[in-house]
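Numbers here simply count residues along the sequence, with the first being 1. Fair warning: this is a prediction, and the values are worked out from it, not measured in the lab.
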Amino acid sequence: MRCSVLVFWALGLSVGLCLEGLEEDPILEISRNVTAVLGEDAVLLCVYRGSNEILGAEWSRQINSKVKSKGLAGFKNQAPYGRNGFSEPGSMTNLTVRVKVQSLDAEGEYTCEFESEDEYYSDNIFLSVVARPDIQIQLTTETINGSHYQSVSCSAVSGRPPPQISWLVGGLPAPDYPFTVDMNATAHSNGTSTLTSTLRFPTHLQNEDSVTCAVRHPTFADPKLTTMRVETYATPNVSIKAEMVQRGGSEFWVVSCISSGGRPDTNISLVLNADGEPQRDDKTDSGAQTSSYFLPAAAYEGQNITCVFGHPKFTRPVSKGTTLPSFYVSGVQWFSSGLGNSSSESWDSGSIELREGQNDFAIGLRVSGNVPRYNLSCSRDDGLLPAGVEVVGGSLAFRGQVGLQHAGLYDCSVSYHHVQAGLRINITVKPRAVQLVLPAVDLQTEDGVIECSAADGVPAANMSWLLPEGVSAVSWFNFTSHNGSHTVKGVLLLPACSPWEHAATCVINHPAFEEPESRSVTLPVCSLPNITLDSVTGWDNGEEYIEVVCSVDSIAPAAVVFWRVGNSGRSISSQTEMELRADGWVRARSSVRFPSLLYSGQNLSCSVEHRSLRAPEKRTILVEHRALLMSVSVGRLPNSPLWMAVCDYRGPSISLNLAWLLPGKTESQTSMELEQEGQFLKARLTYQFSLALQEGQNLTCVYRHDHGSTEKTVHIPKYYITAVRVQNHTTPLQSRYSGETITHRLTLQENQHHQRILLRVEGSVPDYNLICKRSDGSFVQMDGDAMVFQQEVTEEDAGLYTCQASFYHHAAMVSFQVDVMSEDRLLALWTLVCICSASVIVIVAIVTCWACCTANKRPQNKGQEVASPLTALMQEPGSPEVKKPAFGDDSKEYAQLISYSIVFEHKSTV
């Protein structure tokens, strides 16, 4: 019985190995499950791979368990056809078709059938239909209890299977606060569904200007993102401003409440200590929101005014306040002069004496205080003013000639609403006592001195000078009398020149003149100054300084020079020297000195003021800082086995001590290039070396100067190549004697194009040169890191290949055996192996059965003698078990006989 079991086991093992080696490929190549998108095409793959002649082929659909819909596509009378959205198949053995999926009803099971003379071949495909959803997004807003809310709705319409919707705010998932999400799903009769997600949030609690709806669905390779712009709020800057204006003859305080940069508009209100609703004017300009309130100046003086700003970004209203000033008059002063003549003022606190016949005299008033304006009223002796006397502006004017009737006590008061002040002045008139004699008027100019004279007049003439606006001069008057007549001389010392062409006028008033006499002289025009701006750059303790000199040559007096820097016009201190030249001109030389880094990139201006200039003139330069620059780099020389380190320097050209800190004597391998750039020197120091000499070391470039040294270091990387490995599947080829792996082998398919053997270089090199050779020394075509066999692979391509990767002095190589195998040879080899294995098993089984039967027929005491030779045959040669002594127990001897294992070892090149 035990022998029979062993025989059947051996036969079963042999048959299984043979069947495993001869297993055939499937007859039909088919795609089992196909997923199609609604509205697009789907491909149903079905190809017959057998060798029988196909007489008919068609597609059918399983409608239910009993009904099939046939004739969807196939061949009829050897002609291809396609119906109901199916395309025509390519050939009788290739029923692959393209189906237009127009509805969800297309989902189901389809059968591919081939008919030969002997039998039918069929298989099934299940087509799943999905629908790509349409993404729609919209924004709605609402205001609840004064708070503004926004809702963004994102809908994935008509999708199958149901989509998934999520929200992104600022590139991150929307947080639970302050956002809320509401989902609503709707199923449709056609099998699709619509999912709507609504993101709701209060506008004032979020700062992002957009939200993104992310829809995930099997029809999308990645989540589909749809962004909606939303409204955001910005915190405004608020302030208050008060200024006075006149409107309709009255003064008003204009209080402006200003909010800028806010979104939405700010709610602005004004808080007053008094009753009443002031006039309000709102306007918006360039993002600034201004509410202006008009308050009567007298009614609101000294009042506290508060602007209250309300905005969604404020946790509570913000207040800005100011206090309007109170009006007062601290004093009143009088001065007397002729009308339009402000150069002959004479102050008097209580009385003034006028001469009879004096023309156009006025008494002016100056008020000290903060009133915006005032009313002046005057009376004489508590009555009306006499004829010819009137209040004009802030003066008491006497029109025409002064008479005796104009004498009296004048009482004048200044008032502005409740603020009042007064002044009393006594005016006396000295009567005329002499006969009028016309004076002789003359005007002469000599050496910058203008002399105007009114000679021999009775009474003495009244003389004054009229000068152009902005022109000042020194003047005085001399009065002389001879034989009862009077001579008046006015002397005017003019400046050397004037920037404009003006005239100076001498005006003579005399009772004998019906109108004042005048004489004029033209003032000389100045020569313009010559302005020059120079700059000098230097170095001090390794820092760059710039000195800028502004020189102004002008007529006396010397010009005034100011220095300004930057757009803000910030002034800087300077040193100024004066020099008087032989031609009478004067030179003003102003200089500034500072580190160029202090104002680098800013404009430095020299502003000149002089009386010959109508307006200050300016000269400007741009301050540039050019600091000492050093940089080092290292790289490979093109078309050369050497590397090169480069040290670039840019700085002052006073002296240059630039060198590489290198081991040994390497000066001969360095070179220096110099280039002058204005006041700066550009230098390049190079050092050429081999990679093996400096690999893994640091190279230092040092610049030595009087105050120390500056160093820059560059590191040379340490490179290596550890191995070159084959990426394709390989098997080890071992030595027959030692069992060690000699090389690896891989197999290429015979008669196939474009086969590749992939290699990988392991190491730290940035790049490398990879070449492969056959055993005969010929090179193999390479495509990057792959060996390429463009033509059909033949037996000639088999052999030993060697590949080497190199980077300068680093290299690694690999060798491998390439075998070429065809499908027919592979099948024959498997068949041969199976037959041989089956034969060996049958022989062993027969020998085993014979041994068992012989052992049962012989006496028990001779069992060991019979088992010994068979045991020696089945044991491995040299095994220690052969030398063990025999045992006396028969059961143990028999157990020793049948416990041996039969081991088959087969080695092949497959």
Side-chain angles (χ1 to χ4, degrees), residues 334-364 386-389 395-408 410 425-468 471-494 502-523:
W334 292 87
F335 65 94
S336 61
S337 67
L339 288 178
N341 183 5
S342 60
S343 61
S344 59
E345 297 179 355
S346 58
W347 294 92
D348 196 325
S349 59
S351 63
I352 186 170
E353 183 182 56
L354 302 180
R355 296 186 302 274
E356 183 182 7
Q358 187 174 350
N359 288 321
D360 295 334
F361 182 80
I363 299 175
V389 181
S395 301
L396 181 64
F398 295 80
R399 300 294 186 182
Q401 293 185 353
V402 176
L404 298 176
Q405 72 277 12
H406 293 144
Y410 288 78
I425 185 167
N426 184 28
I427 298 179
T428 59
V429 179
K430 184 178 181 180
R432 186 183 304 164
V434 294
Q435 182 95 19
L436 296 178
V437 177
L438 290 175
V441 179
D442 188 21
L443 181 67
Q444 294 181 356
T445 303
E446 184 177 358
D447 296 333
V449 178
I450 302 176
E451 183 179 277
C452 181
S453 63
D456 301 329
V458 179
N462 186 17
M463 185 178 294
S464 62
W465 291 99
L466 291 180
L467 298 178
V471 176
S472 61
V474 178
S475 64
W476 65 86
F477 297 94
N478 290 331
F479 297 89
T480 59
S481 299
H482 180 70
N483 295 330
S485 62
H486 306 282
T487 298
V488 180
K489 291 183 179 181
V491 179
L492 180 66
L493 298 179
L494 293 176
H502 291 305
T505 303
C506 174
V507 181
I508 301 98
N509 285 293
H510 194 272
F513 294 153
E514 294 183 0
E515 293 184 355
E517 291 282 338
S518 62
R519 299 291 186 271
S520 299
V521 64
T522 302
L523 304 179

With a 3.5 Å distance limit and no angle check, can you tell me whether Thr487 reaches the backbone of Asp456 through a side-chain donor-acceptor pair?
yes
For this session: Start with the C-alpha gap between Trp465 and Ile450, add the side-chain angles, then the distance that decides, and say whether side-chain contact (heavy atoms from CB on, under 4.5 Å) holds.
Result: CA-CA 11 Å; Trp465 291 99; Ile450 302 176; 3.7 Å; yes
dist Gln358:CD -> Gln401:CD (nearest 0.5 Å) comes out at 10.0 Å
Looking only at heavy atoms, the pair that brings Ala454 and Ile508 closest together is CB-CG2, 4.0 Å
Here the gap from Lys430 atom NZ to Leu354 atom CG, rounded to the nearest 0.5 Å, amounts to 12.0 Å
Quick check: do Ile363 and Tyr410 have side-chain heavy atoms less than 4.5 Å from each other?
no
Rounded to the nearest 0.5 Å, the SG atom of Cys452 sits from the CG atom of Leu492 at a distance of 10.0 Å
For Pro439 and Ala461 the tightest heavy-atom approach is CG-CB, 4.4 Å
When every non-hydrogen atom of Met463 is compared with those of Val488, the smallest separation belongs to CE-O, 3.4 Å
Is it true that atom CZ of Arg519 has more than 12 heavy atoms of other residues, nucleotides or ligands lying nearer than 6.0 Å?
yes
Notebook entry, point to check: Using 30° and 60° as the class limits, which term best fits the ring planes of Phe398 and Phe361: parallel, tilted or perpendicular?
Noted result: tilted
dist Glu353:CD -> Ile427:CD1 (nearest 0.5 Å) comes out at 11.5 Å
Rounded to the nearest 0.5 angstrom, the CG-NZ distance for Asp442 and Lys489 is 9.5 Å
To the nearest 0.5 Å, atom NE2 of His406 lies from atom CD of Glu356 at 10.5 Å
Nearest heavy-atom approach of Ala504 to Leu467 is CB-CD2, 3.9 Å
Heavy-atom nearest pair, Val429 first then Gly403, reads CG2-O, 3.3 Å
Notebook entry, point to check: Tell me, do Pro459 and Leu436 make a side-chain contact under 4.5 Å, heavy atoms counted?
Noted result: yes
Of all heavy-atom pairs linking Thr505 and Ser520, the shortest is OG1-OG, 3.0 Å
message = Using modelled atom types and a 3.5 Å cut-off, is there a donor and acceptor pairing between side-chain atoms of His510 and backbone atoms of Glu515?
response = no
